[in-house]
> 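Handing you this structure, nothing more for now.
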Amino acid sequence: RSTTRSSNPATTGPAPTPPSFTRSKAETPMACSVGEAGLMVGDPGSIPPLELMDTSLCDLVEGRSLTDGHIDSVKDLRFLVKTLITGLKTLLWGLNQCNSTIARGNNTPSGPNPSPQLRTVASEEVFLFFELFRNGLRLFDVYAALPDGSRRLLQGTARSPVKPLQDEKELLDQFSAAWTSLDVLTFREVVTSRIDMLMHRIFANNLLLVVPQQLLSMKDTSAFFATALLDTLVSELPQLGDEDENQALVRLRLFKLMFGSIALFPDTNEAILQPHLTKIITVCLDRAPSAKEPMNYFLLLRALFRSIGGGKFELLYKEFLPALPTLLAGFNALQLRITRSQLRDLLVELCLTVPVRLSALLPHLHYLMRPLVFAMRSSDELVSQGLRTLELCIDNLTPEFLEPVLEPVRSELMAALWTHMRPRTMSSPNGDKALRILGKLAGRNRELLVGAPNLTPGDLDGACLKVLLPFNQDAGVHLPLDDVLAVALDVLRSPQSWTYKKQAFVCLKSCFASVFSLPRRQNVEVSLLSTIASQVPLLEDGSIPVMEQYHSEPKTAWHDTVLKLLQGCVLAAQYPQLEDEAKPFLKGILTHFAMLACEQHPRRQHPLASPGPQSSDAAKHLDVIVEACAWAMCQEASTLPLLGKWMLTYLLEACVDILGHSIHLCDLPFAAAITTVVYHSCHEHAWYRKQAGVYGLSILLDKLPTDMIRAYSVPLMRGMI
């Protein structure tokens, strides 16, 4: 596009006639203010595209499909994309410079530079730029096709994110840099007003995350793009916890890019984040307890804290201070209700990394004591963070102020510090830091050694698991092994090797045989056959009285021991390496409980022989297997709720098979026990307990007979409400 050369002012006479390709004055774009730009241009999508070009000069091109023998279409397409993008920046820069010269000549001829408030392109050109931006984003979908005929996944997850290759990164950088050459008003109309379109394209193609990264890192476009991007992200923040993994990761990545731009341009971007800071914190705390994936909100807060920490941003620091008490109180309350260790560690990290100075934290220092103890017992990264926080408090606070704050957790804190007193190795990197802190505490680290140790008394005669250690032929010592169950459960929960997990499962199986006092194998088979053969007959009138609500026996040591054993079997069954062995064993345990439950039917014809003391405990505490099912269904791991629902379904189906008809569940005490446990789970305070109750209700409505559902309709409806 050429411009008209101005004639020499000293020359007299008429100016020379401009060439035919010179832009007339009517076509010259006039300068306008920011407020007038939207009225002048409007929505680019409302302009008919056929009015913007002369279609008489266009000829139709017949398309042909090329076979693989003639050309590598994927390779040629990528080369064509590279050619188009490479010349895009030069083309846009030339158009902008040409229009800037015309606008400057018509409006401010004496000024050295055009005003940043001038729009230097016409509305038709704005529409063409918008179409170029929209179709340019779609153009990068060509990288989903691979030369071998397969397709590349462009939507990533937390475990397998999509990362651009070197040539793809360079091409995306060139595409992003092309739009920085536009004037401010055109950039806002073409790019920032279409943030929602850009985000939808990024959801479909994660390679396009390079585009907002580059626009936020450019000084000319960072402030405008950050304003529009943050407005969109904050308005859609309630969706963060309920979206699929790909969209949530994209939103978190965009938030991180926005927070990172504050460090690059603090003078402009800090003021952009300031009005949104309180809303981000409030929405995260309000939505996290009820969200499908609460970790997304806490990951957002962690990115925010890491970006604005260090005390460099005074505006954000002043905005954050009023929300500090609510934030710390909310984190401490959530720690007590969360069962997932990864989520609890994240909350502990948030408590220890709040972006405030120590002087502002002093009135609320007691909120950090419990997270400090949790950090000492967590991963090496959190241990290091906790040790730094504790050392900072010891170095800067007087003993008179610090001692009352540490007193509620003193014993746990000292015990956690002593566990790190090891030589510095790869597995124990914090031993020297713990020793330095104990040295700074001086004699205060030994005050707890004067008092009596905190021991839990126990009745050795009431232990369910014992092993006899004979010292001679006449006497021996019964060593209780109930505490071994806690160790086995920790091994199955922790990221130990499969060898240790398998040995823990073998230990649990041996404990089952001891607790139940199972008879020999042939007697078990005879008992099962006799149980199935003696089914409960139906009454002549067909009416079955529905049993009233079940009242469980008081909890005993046997109940607690069996519940831990069942939890360990469920944990073992979730691993593919142990599933083939653990799931059939768990199925046998469920069958055993179903047989015991059916023996309590009031109209049973041929009861089994009188059970032993352990079997009598099992008959009294049949609700323990239901509590194990409810425990599995309320876990946050994806596989455990499925196992819990399978266990409860199998129990009911086994009872129906043994009794002969589902109508007999109406007066079966075990069915009433299941209904009672599920009903109480719905009224628990924690949301994951309510989740177990909802899962149980869906199974009961599917498996129980109609008469029993009608009799229990009121408590079931209350549970659902």
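One-based numbering along the sequence shown. Heavy atoms only: backbone and side chains are in, while hydrogens, waters and symmetry mates are out.
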> What distance separates Leu285 CG from Phe298 CZ, expressed to the nearest 0.5 Å?
7.0 Å

> Output the distance between atom CD (Gln335) and atom CG (Leu347), rounded to the nearest 0.5 Å.
5.5 Å

> Would you give the length of the straight line joining atom CD1 of Ile280 to atom CZ of Phe255, rounded to the nearest 0.5 angstrom?
5.0 Å

> Is any side-chain heavy atom of Leu586 closer than 4.5 Å to a side-chain heavy atom of Tyr650?
no

> Is there a side-chain contact between Ile589 and Leu565 in this structure, where contact means two heavy atoms from C-beta onward sitting under 4.5 Å apart?
no

> Salt-bridged, Glu349 to Arg344, with N to O below 4.0 Å?
no

> Is it true that, when you exclude Lys256 itself, more than 12 heavy atoms of the residues, nucleotides or ligands shown sit nearer than 6.0 Å to its NZ?
no

> Counting the benzene-type ring for Trp, do Phe331 and Tyr367 have ring centres under 6.0 Å apart?
no

> Distance check, rounded to the nearest 0.5 Å: Leu508 atom CG versus Lys564 atom NZ?
11.5 Å

> Assess whether atom NZ of Lys502 is packed by more than 12 heavy atoms of other residues, nucleotides or ligands within 6.0 Å.
no

> Tell me every residue that passes salt bridge (charged side-chain N to carboxylate O under 4.0 Å, His left out) with Asp242, counting only those two or more places apart in sequence or in another chain.
Arg287

> Using every non-hydrogen atom in the two residues, find where Ser378 and Val383 come nearest and quote the distance to one decimal.
O-CG2, 3.6 Å

> Side-chain donor-acceptor pair under 3.5 Å between Thr639 and Tyr575, yes or no?
no

> Tell me, with the steps shown, if Thr353 and Arg306 meet side chain to side chain contact (heavy atoms under 4.5 Å, CB included).
CA-CA 8 Å; Thr353 57; Arg306 289 180 176 180; over 6 Å; no

> Using a 6.0 Å cut-off, check whether atom CD of Gln239 has over 12 heavy atoms from anything other than its own residue.
yes

> Taking all atoms of both residues into account, what is the closest heavy-atom pair of Pro371 and Val348, and its distance?
O-CG1, 3.3 Å

> What's the shortest heavy-atom distance between Phe512 and Cys569, and which atoms?
CE1-SG, 3.2 Å

> Taking atom CZ as the centre, does Arg388 end up with more than 12 heavy-atom neighbours from other residues, nucleotides or ligands that are less than 6.0 angstrom away?
yes

> Could you report the tightest heavy-atom contact between Leu648 and Gly696, atom names first, then the distance?
CD2-CA, 4.0 Å

> Could you tell me if the side chain of Val570 sits less than 4.5 Å from the side chain of Gln567, heavy atoms only?
no

> Using the test salt bridge (charged side-chain N to carboxylate O under 4.0 Å, His left out), find all partners of Arg251 that sit at least two apart in sequence or belong to another chain.
Glu236, Glu243

> Could you tell me whether the side chain of Gln635 and the main chain of Trp631 form a donor-acceptor pair under 3.5 Å?
yes

> Are Ile281 and Thr326 packed together at the side-chain level, in the sense that at least one heavy-atom pair is separated by less than 4.5 angstrom?
no

> Is there a side chain to side chain contact (heavy atoms under 4.5 Å, CB included) between Leu642 and Lys645 once you walk through the steps?
CA-CA 5 Å; Leu642 296 178; Lys645 291 191 285 186; 4.0 Å; yes

> Has Ser698 got a side-chain atom pairing as donor or acceptor with Tyr695's backbone, closer than 3.5 angstrom?
yes

> Check whether any side-chain heavy atom of Leu299 lies under 4.5 Å from a side-chain heavy atom of Arg302, and answer yes or no.
yes

> Would the number of heavy atoms belonging to other residues, nucleotides or ligands and lying under 6.0 Å from NZ of Lys587 be above 12?
no

> Is it true that Thr706 and Arg710 share a donor-acceptor pair across their side chains at a distance under 3.5 Å?
no

> Would you kindly check if the NZ (Lys) or CZ (Arg) of Lys583 is within the cone defined by 45 degrees around the ring axis of Trp646 and under 6.0 Å from the six-membered ring centre?
yes

> Donor-acceptor check, side chain of Lys690 to backbone of His683, threshold 3.5 angstrom: yes or no?
no

> Taking all non-hydrogen atoms of both residues into account, name the closest pair between Cys629 and Leu651 and its distance.
SG-CD1, 4.1 Å

> With side chains defined as the heavy atoms from C-beta onward, is the minimum distance between Leu563 and Asp560 less than 4.5 Å?
no

> Glu412 vs Met376, test: side chain to side chain contact (heavy atoms under 4.5 Å, CB included). Steps then yes/no.
CA-CA 10 Å; Glu412 300 175 73; Met376 297 293 184; over 6 Å; no

> Do you know which two heavy atoms are closest between Asn296 and Leu240, and how far apart they sit?
ND2-O, 3.1 Å

> If you round to the nearest 0.5 Å, how far is CE of Met633 from CD1 of Ile699?
5.5 Å

> Working to the nearest 0.5 angstrom, can you tell me the gap between Thr389 OG1 and Met369 CE?
9.0 Å

> Answer yes or no: is there a side-chain heavy-atom contact under 4.5 Å between Leu640 and Leu571?
yes

> If you define the side chain from C-beta out and look only at heavy atoms, does anything of Lys509 sit under 4.5 Å from Glu581?
yes

